[in-house]
Amino acid sequence: MKYLDDWKNYSHLRISPAILWEYDLARFDWEKMCKTVVLRVIQYGTKDDWYAMLNLYGGKKQVADIMRHIKHIPARDASYAAIVLEIDKKELSCCTPRV
């Protein structure tokens, strides 16, 4: 089994409010803010936050699709997330050379 492939077993977990400190989570639109959530989990999340994110957005493929549209991810975080999500780092907008 690969890392976090058992994410469906952790559907009870929720993303820690601490990584979204400046937002009112009572009125937070999780779908509209998906790029922010994914970026924060990649940068600051624990393993439980990763499980919660995978459950919230439907798995590694869907999270990878969201991640592909994030323009700015620190290189170390992008590398780690690409390994965990099993995607080529070259697919990410943040790692594509801009003209």
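Given the structure is predicted, the values throughout are model-derived calculations rather than measurements.
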Please round to the nearest 0.5 Å and tell me the distance separating atom NE2 of H72 and atom CG of D77.
14.5 Å

Pairs meeting criterion salt bridge (Lys or Arg N to Asp or Glu O under 4.0 Å) with involvement of residues 25-37, two or more places apart:
D24-R27

Please name the pair of heavy atoms, one in K89 and one in A75, separated by the smallest distance, quoted to 0.1 Å.
NZ-O, 4.0 Å

Taken to the nearest 0.5 Å, the spacing of F28 CZ from Y23 OH works out to 6.0 Å

What residues, two or more places apart in sequence or in another chain, satisfy side chain to side chain contact (heavy atoms under 4.5 Å, CB included) together with Y80?
Y3, W50, V84

Rounded at 0.5 Å granularity, tell me how far CD1 in I87 sits from NZ in K61.
11.0 Å

CE/M33 to CG/L25 distance, rounded to the nearest 0.5 angstrom?
10.0 Å

M53: which of V63, L4, D48 passes side chain to side chain contact (heavy atoms under 4.5 Å, CB included):
V63

Sequence neighbours excluded, the answer for side chain to side chain contact (heavy atoms under 4.5 Å, CB included) partners of L39 is Q43, I70, I73

Under 3.5 Å, sequence neighbours excluded: what are the donor-acceptor pairs made by side chains of residues 8-18?
unit_1, atom_1, unit_2, atom_2, d
R14, NH1, S11, O, 3.0
S16, OG, A18, N, 3.3

Tell me every residue that passes side chain to side chain contact (heavy atoms under 4.5 Å, CB included) with Y44, counting only those two or more places apart in sequence or in another chain.
I19, W21, R40

If you round to the nearest 0.5 Å, how far is CD1 of I66 from OG1 of T36?
11.0 Å

Taking side chain to side chain contact (heavy atoms under 4.5 Å, CB included) as the test, write out the residues that go with Q62, two or more places apart.
none

Where at least one partner belongs to residues 49-60, residue pairs that pass salt bridge (Lys or Arg N to Asp or Glu O under 4.0 Å), sequence neighbours excluded
D5-K60, K60-E86

Which atom names give the shortest non-hydrogen contact between A81 and M67, and what distance separates them?
CB-CE, 3.3 Å

Residue list, salt bridge (charged side-chain N to carboxylate O under 4.0 Å, His left out) with R76, at least two apart or on another chain:
none

Is any side-chain heavy atom of W30 closer than 4.5 Å to a side-chain heavy atom of L20?
yes

Under the side-chain hydrogen bond (donor to acceptor under 3.5 Å, both in side chains) rule, collect the residues that match up with D65, sequence neighbours excluded.
R68

